[in-house]
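In the text below, chain A, chain B and the rest are named by the order of the sequence lines, each starting its count at 1. All of these numbers come straight from a predicted model, not from anything done at the bench.
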There are 2 protein chains.
Amino acid sequence: MTISLNDIAERAGVSVKTVSGALHGGSARMSDDTRLRIREIAEELGYVTNFAARSMRQGWMPLIGVIADELVTSPFATGIIGGLDSGARASDMAVFAMTLSGRRTVASVLEEMHRFRPRAVAYAAMYHKRVELPAEFAETVGVMINCREANDRVTSLVPDEAGAALEMTNYLLNAGRRNIAYINLPGLLASELREIGFRQALDQGGFNGANATVLPAVNRAIYSDRAQSLVHSHVQQLMSVPQRPDAILCGNDRVAMEVYAALRRCGATIPDDVAVASFDNQVEIASRLDPPLTTMALPHRAMGRKAAQILLAEDRAPVEVKKIPFRLVERLSV
Amino acid sequence: MTISLNDIAERAGVSVKTVSGALHGGSARMSDDTRLRIREIAEELGYVTNFAARSMRQGWMPLIGVIADELVTSPFATGIIGGLDSGARASDMAVFAMTLSGRRTVASVLEEMHRFRPRAVAYAAMYHKRVELPAEFAETVGVMINCREANDRVTSLVPDEAGAALEMTNYLLNAGRRNIAYINLPGLLASELREIGFRQALDQGGFNGANATVLPAVNRAIYSDRAQSLVHSHVQQLMSVPQRPDAILCGNDRVAMEVYAALRRCGATIPDDVAVASFDNQVEIASRLDPPLTTMALPHRAMGRKAAQILLAEDRAPVEVKKIPFRLVERLSV
DNA sequence: TTGAAAGCGCTAACAG
DNA sequence: CTGTTAGCGCTTTCAA
């Protein structure tokens with residue numbers, strides 16, 4: 001038995017509209033006395049706004065819908081959703097996600113979502129990639145998170161991969177490292193961009209970026225967790241020649257984990273012999289490695305927050321691709 | 001400009017109610033011809049049900065609300081929410097979570113949630129613990145996930161910790177291990193229960209459970225990721241005496257990761273010299289360790305699915321505590 | 001400063 | 001087999 005504005009109105013001996021005005025501070029003006037009294041009664045009766053009813057007039061529910069491209073199964077989801085949530089909360093909005101998986105199409109997920117009449121819709125990808133959104137949804141989807149809309153029809157928020165690689169490489173150079181090898185993740189958009197930043201930093205630092213060592217972490221064209229790892233053999237190889245590296249940059253924290261094990265096998269110590277750095281900041285891994293891993297944290301939360309801001313902005317800004325900076329997390333591996 | 005039943009009714013030259021019946025197969029009967037024609041028009045116009053409007057009559061939205069006790073920040077969230085989602089989808093329900101964090105109370109989160117008029121509400125914890133739910137919410141919250149309501153006022157779904165430890169210990173014994181040390185996580189409910197299962201399995205196997213070695217992973221009363229790790233020194237100690245263990249059971253995968261590193265330092269190989277096994281199955285870690293880690297997977301998805309089932313059941317079953325079994329994931333560390 | 005009434009989209013009860 | 005109508009809870013427009 002839920003209670004409504006009507007119940008309060010009856011109890012207070014005023015009209016429903018007065019109650020509505022008193023509680024939600026709308027245009028309606030009334031004596032402070034009345035307003036206070038109504039609020040007390042509402043409190044006492046345990047009144048809770050009915051958003052569904054409100055939405056009948058407004059046309060929308062205070063919800064931000066997220067089309068989660070496989071995202072919900074990923075630990076990275078938490079950052080994006082969390083950021084979105086904290087950005088939305090300020091405007092009294094809630095976030096709800098629907099997974100786009102298997103054979104479901106964007107159209108079908110959007111339709112399902114639309115039944116709830118969300119105020120705004122975002123599309124979020126599990127890893128940085130290009131996504132082609134059918135033209136008819138360009139209006140509906142307000143922002144792409146962690147992915148770039150292939151035809152730039154929608155504002156996209158993506159991690160600044162090249163910038164992160166540049167920053168981390170500079171950090172290694174500043175730490176006195178002179179021979180940095182990069183074990184990258186093959187076949188990913190992020191990897192391509194990071195490689196550019198890596199080589200650029202070397203060039204700027206007076207080294208030959210084009211000549212730098214960049215090796216694939218796995219023996220497949222595209223990195224995946226299940227692919228056969230090449231990390232051990234690469235590290236062994238790298239450490240067996242006179243020109244051994246004094247730093248290894250890793251495509252992600254899991255690769256770094258393997259590099260740790262491989263270096264240990266070679267008898268090399270971290271960071272004295274070889275510094276190790278990486279991308280992601282999967283906290284459970286990075287902080288638990290010995291020594292704790294220095295890594296560029298993916299800006300998942302920041303992208304989420306920014307997305308909320310864009311979605312809830314008064315006026316629709318022009319479409320653009322926004323690169324969101326990583327955050328350097330200094331631990332002890334450099 | 002969204003289109004409504006009314007628009008379809010006009011276009012089809014029938015009443016709204018007929019359209020409603022045609023689309024949602026309600027009690028209304030009509031010629032197959034009419035029904036088909038209406039459906040076609042709806043399709044053509046791009047009609048999408050308005051749940052908010054429907055809820056005005058039903059009294060609830062087809063939503064399952066989840067009070068997420070810090071959960072959303074955890075990678076474990078994904079299993080629980082994912083399971084809930086897949087369980088709910090069958091009934092055309094969506095799941096939405098609200099985080100209970102910082103200074104927010106259950107009451108305040110429930111109130112926020114209630115504004116959306118969810119059909120059912122679950123409470124989910126990040127790690128297995130006891131939760132005292134104020135009595136007045138016992139009716140509102142339909143099920144507790146990954147936690148036990150302190151006064152058994154609400155049906156609770158918890159991982160079968162003791163059973164999991166028993167199973168894993170038996171697995172080690174069956175693999176021929178005779179001297180199993182257990183590096184446990186101090187101060188957690190899960191740990192207490194697992195220790196019981198561990199000792200029980202040893203007793204049943206003809207070993208002296210009461211005498212078995214159980215060591216704390218960190219030097220604090222309660223395990224946390226930030227506490228100072230004791231794993232290295234424990235392993236060194238264990239391996240330096242004549243009665244070295246031939247298996248180490250770990251409180252979680254991160255501890256196992258440290259055990260791997262420590263064993264490697266001691267020159268011991270896994271699993272030949274020492275088998276390693278653990279709890280959690282954090283896939284990114286467990287599958288990436290070398291050798292891949294054999295571990296008991298927490299039943300997060302299963303709890304989520306079961307929760308959906310309980311919440312959406314026709315009639316409310318009597319309150320109980322349901323222990324959900326872990327799943328043994330065999331890899332190569334045993 | 002407050003009230004009355006309309007209407008949002010839908011379903012259920014009742015008529016035809 | 002189909003139509004009409006009322007009403008869910010709220011906000012907004014118009015009237016007092």
Side-chain angles (χ1 to χ4, degrees), chain A residues 1-39 41-42 45-63 92 111-119, chain B residues 1-39 41-42 45-63 92 111-119:
Chain A
M1 219 264 57
T2 73
I3 78 117
S4 71
L5 287 192
N6 219 322
D7 301 327
I8 302 177
E10 264 178 28
R11 178 83 154 246
V14 298
S15 80
V16 181
K17 121 102 180 96
T18 308
V19 178
S20 174
L23 295 182
H24 303 118
S27 56
R29 260 180 279 236
M30 68 202 70
S31 69
D32 285 356
D33 188 45
T34 317
R35 167 167 280 128
L36 207 69
R37 197 162 54 84
I38 291 177
R39 290 211 173 143
I41 295 178
L45 262 48
Y47 171 76
V48 177
T49 305
N50 183 334
F51 277 158
R54 174 183 289 178
S55 89
M56 302 236 49
R57 301 245 72 210
Q58 319 264 59
W60 44 264
M61 291 281 281
L63 285 170
D92 242 346
E111 181 173 328
E112 262 185 62
M113 193 168 267
H114 193 205
R115 300 180 304 179
F116 290 97
R117 298 293 189 269
R119 181 72 199 278
Chain B
M1 218 266 58
T2 71
I3 78 117
S4 71
L5 288 191
N6 219 322
D7 302 326
I8 302 176
E10 264 177 28
R11 178 82 154 248
V14 298
S15 80
V16 182
K17 125 95 184 77
T18 307
V19 177
S20 174
L23 296 181
H24 303 118
S27 58
R29 259 178 280 229
M30 68 202 68
S31 70
D32 285 356
D33 189 43
T34 317
R35 165 169 281 127
L36 208 68
R37 197 163 53 85
I38 291 177
R39 291 210 171 144
I41 296 178
L45 261 48
Y47 171 77
V48 178
T49 307
N50 184 333
F51 277 159
R54 175 183 288 178
S55 89
M56 302 234 47
R57 303 246 72 215
Q58 318 265 56
W60 43 264
M61 291 280 281
L63 286 169
D92 241 344
E111 182 174 326
E112 262 186 60
M113 192 169 266
H114 192 205
R115 299 181 303 179
F116 290 97
R117 299 292 189 272
R119 180 70 199 278

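The CG-P distance, from A:L23 to D:dT11, rounds to 9 Å in whole Å. Remark: C1' of D:dC8 and CZ of A:R54 are 16 Å apart, rounded to the nearest angstrom. Between the C1' atom of C:dA5 and the CZ atom of A:R57 lies a distance of 11 Å, rounded to the nearest Å. Whole-Å rounding puts the B:K17 NZ to C:dA15 C1' distance at 12 Å. One interatomic measurement links the two molecules: CH2 of B:W60 to P of C:dT11, which rounds to 11 Å at whole-angstrom precision. Distance A:D33 CG to C:dT1 P: 12 Å, rounded to the nearest Å. Distance CZ (B:R117) to C1' (D:dG9): 9 Å, rounded to an integer number of Å. Between A:M56 atom CE and D:dT12 atom P there is a gap of 14 Å when expressed in whole angstrom units.
Counting non-hydrogen atoms under 4.0 angstrom, A:V14 reaches the backbone sugars and phosphates but no base. Among the heavy atoms of the strands, none lies under 4.0 Å from A:F51.
At D:dT2, one or more side-chain N or O atoms of B:T34 fall inside 4.0 Å of OP1 or OP2 (strictly under the cut-off). Taking side-chain N and O atoms only, B:T49 has no distance below 4.0 Å to OP1 or OP2 of C:dC10. Considering only side-chain N and O atoms, A:S15 lies nowhere under 4.0 angstrom from the phosphate OP1 or OP2 of C:dT2. For the OP1/OP2 pair of C:dT2 and a distance below 4.0 Å, the side-chain nitrogens and oxygens of A:T18 include no atom meeting the criterion.
Among B:N50, B:T49, B:L23, the single residue meeting the side chain to side chain contact (heavy atoms under 4.5 Å, CB included) criterion with B:L5 is B:L23.
A cation-pi arrangement is found for B:R119 relative to B:W60, the charged atom lying closer than 6.0 Å to the ring centre and inside a 45° cone about the ring normal.
Both B:G13 and A:S4 lie close to DNA chain D; mapped to their nearest nucleotides by heavy-atom distance, the more 5′-ward contact belongs to B:G13.
In this structure a side-chain-to-backbone donor-acceptor pair under 3.5 Å is present from A:R39 to A:A22.
Nearest heavy-atom pair, B:V48 versus A:R117, reported as atom, atom and distance to 0.1 Å: O-NH2, 3.1 Å. Closest approach of A:R35 to A:G21, counting heavy atoms only: NH2-O, 3.7 Å.
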